[in-house]
Amino acid sequence: MRTSQYILATLKETPSDAEVVSHQLMLRAGMIRKLASGLYTWLPSGLKVLRNVETIVREEMEKAGAIEMLMPVIQPADLWEESGRWEQFGPELLRITDRHNRPFALGPTHEEVITDFVRKEVSSYKQLPLTLYQVQTKVRDEVRPRFGVMRAREFTMKDAYSFHLDDACLEKTYQVMHQAYCNIFERLGLDYRPVIADTGSIGGSVSHEFHVLAESGEDAIAFSTESDYAANIEKAEALAPATERAEPSKELNTFDTPNAKTIAELAEQHGVKARKGVKTLIVYGAENEDGERGLVALIVRGDHELNELKAEKLPLVDSPLEMAKEEDIVAAIGAKPGSLGPVGLDIPVIVDHSAAVMSDFVAGANKDGVHYSGINWGRDVAEFTTADIRNVVEGDPSPCGQGTLQIKRGIEVGHIFQLGSKYSEAMNAGVLGESGKNQVMTMGCYGIGVSRIVAAAIEQNHDKFGIKWPQALAPFDIAIVPMNMHKSHRIPDIAEKFYADLKAAGLEVLFDDRKERPGVMFNDMELVGVPFTLVIGERNLDNNQVELKNRRTGEKVMLDIDSAVAEITKLMA
RNA sequence: CGGCGAUUAGCGCAGCUUGGUAGCGCACUUGGUUUGGGUCCAAGGGGUCGCAGGUUCAAAUCCUGCAUCGCCGACCA
């Protein structure tokens, strides 16, 4: 490709609405342009990278025995009603109607469509197990699209679905796919981790996410220092402390705290250490028979955070979790948030394990501007239950029993699920078993965020000059940068010859034939992240040499013109 | 969905307080100059100042409403 004929579209300045480095570099390197919030056009070089990811994904899927197909983006509402997700999915499901006023959804995922397909086409256990996949555009009406293609409203996803007669078979395929995912991320050259995950709106039992480690990641993941254990923080279990609760040593006393509404203010103004106080969070309880919701108090140690997911799974708590409105709290308790505590509450009290072993601690007195000190469970609060409702923190013992937990940030690029019969049962998808009786299939599903991988890869591979593509992802293998081509009689011929020869050797070559100064060309090639740059200049021509620069290492080597193509080809193999 | 902010040329921004015919840098076009790391000079093209309404002799500028985009939050009491 000649830059003069290409739409390189590099930018000197960073568009002001790009926050994270991958988004900035994708814009500056001419890979994407925004059409509207969360909607992006892929430019030629960006598309090449996207296709490179797709190719690796396809190859590994095929190796794992999956078969490619393609399903529609537009899906009839009936299928979603059948699975129950027309209601459950919420506003993220973008809904449209056709000219006959029939409701449709733009597919955020394809469990319904594939299950419908398989129940119609597969009728015998002999056809199982079966794994089908597609690489396709997904639509999710995100509350807040951000970070460029990292969280877009329209994106490319590889989704695979497996069908089995029983869970043992599903488990086997799940492991095969797990391995295939590892292979994919290895080949992409990414620093990644598989972690135990929640199943969210997709459903099912067992689930793993694959995270690319990056500071800008939206998820926190917890690892054991001693074992392979790794889990999304929303799923990582906080073990109950092994220590017993100490006996009360202080009397219950009130003290005035007119300006202390947060743990931080309490610490600052009254010298109460965060770990000597508790936070009392009031949420709505599960609906009773009359459809009414009471309030529930959730209590965690002052330096801990509530884990929403753990809390909403408790039977007493409404799901999804919703914090109580201030007016409801005042009506029921008589005090505003900031002065709440467990003493004298007549709503259910659920205490985190770590808070339940505290003694002589501080909390609000359920009277505005007043706190208690010297609170003790049992003596001062008779009725409460305990549960794991907090996020793990760095240094907590690992749930696997080995080592302590460490926390890092990650970008979720893959997610695999053992769905079980959630969809097949709701949609009555069965086959005839060996006995001749109908048997509901059990399913797995496996997703990879293809477009998100492109951004995640940049997060891990860049410097102040631009992108440093791993070879497998790079839009071009090598760039030819001739110095002052239009001034020299020798350089154009040599550059053209290299262009032809390197292309003939099977490489993707970007030939910078613009009438630009060397600095401009170098900067653009570094911004775009081309792994190798072949510099052709008068200076080295007298020695019959050209210079090859490695973008990742910065290393420069001189090559003899005659053997250069052979050496470069060897290097790329 | 709540709070904050922005919206002026393709990109980055100034002008608005104090109303008086729209500017800078980059990019683009043309000519010259320079040439191994974003040269320099000159001449050009490009804008219904987000949209709608209002105030005024006169609105990018003041007022009202709306839209779009972004950030933070949507549990940490």
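When reading the values below, keep in mind they use all heavy atoms of this one structure, side chains included, and skip hydrogens, waters and symmetry mates. Letters go in sequence order (proteins before strands), and every chain restarts at 1.
- Using P as the reference atom, G5(B) and A52(B) are 25 Å apart when rounded to the nearest Å.
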Donor-acceptor contacts, no H, no angles, side chain residues 555-563 of chain A, under 3.5 Å, sequence neighbours left out:
unit_1: Asp562(A); atom_1: OD2; unit_2: Asn544(A); atom_2: ND2; d: 3.4

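- Using Watson-Crick or G-U wobble geometry with both donor-acceptor distances under 3.5 Å, G46(B) finds no partner in any strand shown.
- Nucleotides A60(B) and U48(B) place their P atoms 13 Å apart, quoted to the nearest Å.
- With Arg390(A) as the fixed residue, the side-chain hydrogen bond (donor to acceptor under 3.5 Å, both in side chains) test singles out one of Asp396(A), Asn307(A), Asp303(A): Asp396(A).
- For the C1' atom pair drawn from U56(B) and C63(B), the interatomic distance equals 12 Å after rounding to whole Å.
- Separating the CD1 atom of Ile329(A) from the C1' atom of C76(B) is a distance of 13 Å, rounded to the nearest angstrom.
- Between Phe361(A) and Trp377(A), the distance separating the two ring centers is shorter than 6.0 angstrom.
- Closest contact between the side chain of Glu13(A) and the listed nucleotides G36(B), G25(B), A77(B) involves G25(B).
- Within the 4.0 Å cut-off from OP1 or OP2 of U39(B), at least one side-chain nitrogen or oxygen of Arg517(A) is found.
- Two residues, Val535(A) and Asp17(A), neighbour RNA chain B, and the one matched to the more 5' nucleotide by heavy-atom proximity is Val535(A).
- Rounded to whole Å, the separation between the C1' atoms of C13(B) and A22(B) comes to 14 Å.
- Side-chain nitrogen and oxygen atoms of Lys12(A) include none within less than 4.0 Å of the OP1 or OP2 phosphate oxygen of C26(B).
- Using bins of under 30°, 30° to 60° and over 60° for the plane-to-plane angle, the ring pair His270(A)/Phe255(A) lands in the perpendicular bin.
- Nucleotide C57(B) has G20(B) as its partner under the Watson-Crick or G-U criteria, with both atom distances under 3.5 Å.
- For G46(B) and G36(B), the C1' atoms lie 35 Å apart once the distance is rounded to whole Å.
- Nucleic acid contact class of Ser37(A) (heavy atoms, under 4.0 Å, all strands): sugar-phosphate only.
- If you check C4(B) for Watson-Crick or wobble pairing at under 3.5 angstrom, you find it paired to G70(B).
- Atom-to-atom, NZ of Lys515(A) to P of G36(B) comes out at 15 Å; the value is rounded to the nearest Å.
- Comparing the P positions of G23(B) and A43(B) gives a spacing of 15 Å, expressed to the nearest Å.
- Atoms CD (Glu305(A)) and P (C76(B)) sit 9 Å apart, rounded to a whole Å.
- Arg33(A) places its CZ atom 9 Å from the C1' atom of G10(B), with the value rounded to the nearest Å.
- At a threshold of 4.0 angstrom between heavy atoms, the contacts of Leu340(A) with the nucleic acid are absent.
- To the nearest angstrom, C1' of C69(B) lies 5 Å from NZ of Lys34(A).
- Taking atom CD of residue Gln24(A) and atom C1' of nucleotide G12(B), one finds them 13 Å apart after rounding to whole Å.
- Set against C75(B), G36(B), A74(B), the side chain of Val143(A) has A74(B) as its closest nucleotide.
- Within 4.0 Å of Leu298(A), counting heavy atoms only, lies no atom of the nucleic acid at all.
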Give the intermediate values and the outcome of side-chain contact (heavy atoms from CB on, under 4.5 Å) for residues Val528(A) and Ile467(A). CA-CA 6 Å; Val528(A) 171; Ile467(A) 305 168; over 6 Å; no
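- Applying the Watson-Crick and G-U wobble criteria (two distances, each under 3.5 Å), U34(B) pairs with nothing in any strand.
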Apply salt bridge (charged side-chain N to carboxylate O under 4.0 Å, His left out) to Asp542(A) and Arg490(A), showing your working. CA-CA 10 Å; Asp542(A) 294 332; Arg490(A) 302 192 280 177; 2.8 Å; yes
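- In terms of position on RNA chain B, the residue among Asp524(A) and Ser16(A) whose nearest nucleotide sits closer to the 5' end is Ser16(A).
- The separation of G15(B) from U21(B), taken at their C1' atoms, amounts to 15 Å, rounded to a whole angstrom.
- Using cut-offs of 30° and 60° for the angle between ring planes, the Tyr499(A) and Phe511(A) rings count as tilted.
- Atom CG in Leu35(A) sits roughly 13 Å away from atom C1' in U68(B) (whole-Å rounding).
- U17(B) and G70(B) are spaced 25 Å apart, taking the C1' atom of each and rounding to whole Å.
- Of all nucleotides listed (A77(B), G36(B), U35(B)), A77(B) comes nearest to the side chain of Pro337(A).
- Note: CZ (Arg144(A)) to P (C4(B)) measures 15 Å, nearest angstrom.
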